[in-house]
2 protein chains.
Amino acid sequence: MNASDESTMLPKSGEGKRGEEGYIGYLLRQAAAAYRLRLDRSLSDLNVTPPQFSVMTMLNAYPGQSNADIARVALLTPQTTSVIIANLERAGHIERKAHEVHGRILQINLTPAGQRLLQTCRSRVHAVEQELAQNISDSDVDALRRSLVTIATINAT
Amino acid sequence: MNASDESTMLPKSGEGKRGEEGYIGYLLRQAAAAYRLRLDRSLSDLNVTPPQFSVMTMLNAYPGQSNADIARVALLTPQTTSVIIANLERAGHIERKAHEVHGRILQINLTPAGQRLLQTCRSRVHAVEQELAQNISDSDVDALRRSLVTIATINAT
DNA sequence: CATTCATTGTCAGTACTCTGATATGTTGTC
DNA sequence: GACAACATATCAGAGTACTGACAATGAATG
């Protein structure tokens, strides 16, 4: 049951103010949440979250980075990445060792188990990505990527 | 200082795999995080967060909804909106009262103070929205809205 | 009427993400 | 060498968001 008697006044998702006429921030949040949820479920049996997959992908491409490096690349704060990296370390997917020269820096690398896990994750993520691309025209996908990069870059502190 | 000796190998944000060629989920997450951060800072002196603004906007448009209603409209779980609504209630921006007929439902409404606050928030959010729209072509904004609605709606449970 | 089912609200637990603050290590300047 | 400036890591606190589980209310079915 609905709380109001005029429950028919509630627009359905994707219509009116809740659709293409709404705030961009609102649409952005919902789209990101929906996509993340799909990814979440697709990776849930592997006990890997989308942010963890992101960090592992970066460490695979650029091994030996520090927590601060990861934070810069991911456009996140060091405190945030610290939590994600701590969870990855606890699960045995990554290892940290002190930098030879710089005593305070901790260099991070994927463990062999982490590399194998990353491979499995990658195919899952690709599948979700494919599914998405099939529901949007190619030209819209191009515009989408362009716009998202712009939004992410405008005020990237 | 950088953790690796080949620090120049790190691509800058918006370039290569970190740009228009990367995962859509990755771009989506970064764009949503960047936009949310801008909104966060623009509203910080009012002690209102973007999700709280969303909920207040919905309650203004459709007064008397329940927590479960809000969750459905916002495409979030009731647990999530419950926390947001509890914070809004603690701050005195909203009020909850039992439904006359249905004993368990709690209907939510903005307080007068909450309505005034919403007006202030709205102008701030509009400004951020304007700033964004100026950096993206009109046709790309249209495609962006279209794509975001599609993504948010595809598997909206 | 009794049982079942769906809805509502909420508790507990986990993870992600921010701000603010603190301690430690490196570098550059005097 | 002493000191200031910067980078790194980390602690604490708050808000957002999920899954899983539970009790209470109302509706539907037998």
Side-chain angles (χ1 to χ4, degrees), chain A residues 1-4 7 25 29-30 32-45 47-55 65-72 74-91 96-108 157, chain B residues 1-3 7 29-30 32-45 47-55 65-72 74-91 96-108 157:
Chain A
M1 177 177 177
N2 234 298
S4 76
S7 62
R29 191 178 65 91
Q30 283 197 351
Y35 192 81
R36 191 207 146 120
L37 189 54
R38 276 203 293 280
L39 230 49
D40 241 327
R41 289 174 175 160
S42 144
L43 296 173
S44 64
D45 61 311
N47 285 312
V48 175
T49 64
Q52 288 172 0
F53 170 72
S54 280
V55 169
Q65 301 297 312
S66 72
N67 178 46
D69 291 326
I70 298 291
R72 271 188 294 267
L75 299 181
L76 296 173
T77 61
Q79 294 93 323
T80 297
T81 52
S82 177
V83 175
I84 301 170
I85 285 170
N87 286 332
L88 283 173
E89 189 175 26
R90 182 157 41 85
R96 299 203 281 180
K97 63 173 204 295
H99 194 281
E100 299 83 11
V101 178
H102 193 303
R104 191 142 177 82
I105 292 181
L106 295 176
Q107 289 185 302
I108 312 172
T157 325
Chain B
M1 175 177 179
N2 236 299
S7 62
R29 190 177 65 89
Q30 283 196 351
Y35 190 82
R36 193 210 145 114
L37 190 53
R38 278 202 293 280
L39 230 48
D40 242 326
R41 289 175 176 161
S42 144
L43 296 174
S44 63
D45 61 311
N47 284 311
V48 175
T49 64
Q52 288 171 359
F53 170 72
S54 281
V55 169
Q65 300 298 311
S66 72
N67 177 48
D69 292 325
I70 298 292
R72 273 188 294 267
L75 300 182
L76 295 172
T77 60
Q79 294 92 323
T80 298
T81 53
S82 176
V83 176
I84 299 171
I85 285 170
N87 287 333
L88 284 173
E89 189 175 27
R90 181 157 40 84
R96 299 202 281 182
K97 62 174 205 296
H99 194 279
E100 299 82 12
V101 179
H102 195 300
R104 193 145 175 78
I105 292 180
L106 295 176
Q107 289 187 300
I108 312 172
T157 325

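We use all heavy atoms of the structure for the numbers below, so side chains are in, but hydrogens, waters and symmetry mates are not. Because the structure is a prediction, the values reported are computed rather than measured. Per chain, numbering begins at 1; letters A, B, ... match sequence-line order.
We find that CZ of R29(B) is positioned 10 Å from P of dC16(C), with the value rounded to whole Å. Between the CD1 atom of I84(A) and the C1' atom of dT10(D) there is a distance of 15 Å, given to the nearest Å. Atoms CD1 (I70(B)) and P (dT8(C)) sit 12 Å apart, rounded to a whole Å. Counting to the nearest Å, the C1' atom of dA23(C) and the CG atom of N67(A) are 16 Å from each other. Rounded to a whole Å, the CZ atom of R41(A) is 12 Å from the C1' atom of dA17(D). As a whole-Å value, the separation of I108(A) CD1 from dT8(D) C1' is 12 Å. Rounded to whole Å, the distance from CG on D40(A) to C1' on dG20(D) is 15 Å. Remark: P of dT8(C) and CD of Q65(B) are 11 Å apart, rounded to the nearest angstrom.
Listed pair R38(B) / dC18(C) fails the phosphate criterion, with no side-chain N or O lying under 4.0 Å from OP1 or OP2. Residue R96(A) places at least one side-chain N or O closer than 4.0 Å to OP1 or OP2 of dT10(D). Between dA9(D) and S66(A), a contact under 4.0 Å exists linking OP1 or OP2 to a side-chain N or O. The phosphate of dA15(C) (OP1 or OP2) has a side-chain N or O of R90(A) nearer than 4.0 angstrom. At the phosphate of dT16(D), neither OP1 nor OP2 sits under 4.0 Å from any side-chain N or O atom of R36(B).
Side-chain atoms of D40(A) never come within 3.5 Å of backbone atoms of L37(A) as a donor-acceptor pair (strictly under, hydrogens ignored).
Minimum atom distance to the side chain of T80(B) is reached by dT16(D), of the listed dC18(C), dT16(D), dA9(D). Closest to the side chain of V83(B), out of dT8(D), dT16(D), dT17(C), is dT16(D). Of the candidates dT10(C), dC18(D), dC16(C), dC18(D) carries the atom nearest the L37(A) side chain, counting heavy atoms from C-beta on. In the set dT19(D), dT19(C), dT8(D), dT8(D) carries the atom at the smallest distance from any side-chain atom of R72(A). Between dA9(D), dC16(C), dT17(C), one nucleotide has an atom nearer to the side chain of N87(A) than all others, and that is dC16(C). Picking from dT8(D), dT19(C), dC18(D) the nucleotide with the shortest atom distance to the side chain of T77(A) gives dT19(C).
Heavy-atom minimum distance, Q52(A) versus N47(A): OE1-O, 3.8 Å. Closest approach of S66(B) and I105(B) over heavy atoms only: CB-CG2, 3.8 Å. In terms of heavy-atom proximity, V48(A) sits nearest to F53(A) at CG1-N, 3.9 Å.
Positionally, the nearest nucleotide of DNA chain D for P78(A) lies more toward the 5' end than for the other of P78(A) and A33(A).
With R29(B) as reference, L76(A) is the one residue of L76(A), L39(A), L75(A) to meet the side chain to side chain contact (heavy atoms under 4.5 Å, CB included) rule.
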Please report the C-alpha distance between N67(B) and T81(B) in whole Å, then the side-chain angles of each, then the deciding distance to 0.1 Å, and finally whether the side chain to side chain donor-acceptor pair (under 3.5 Å) criterion is met. CA-CA 7 Å; N67(B) 177 48; T81(B) 53; 2.7 Å; yes
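In this model, a side-chain donor or acceptor of Q79(B) finds a partner on the base of dG20(D) within 3.5 Å.
Within 4.0 Å of Q52(A), counting heavy atoms only, lie sugar-phosphate atoms of the nucleic acid but no base atom.
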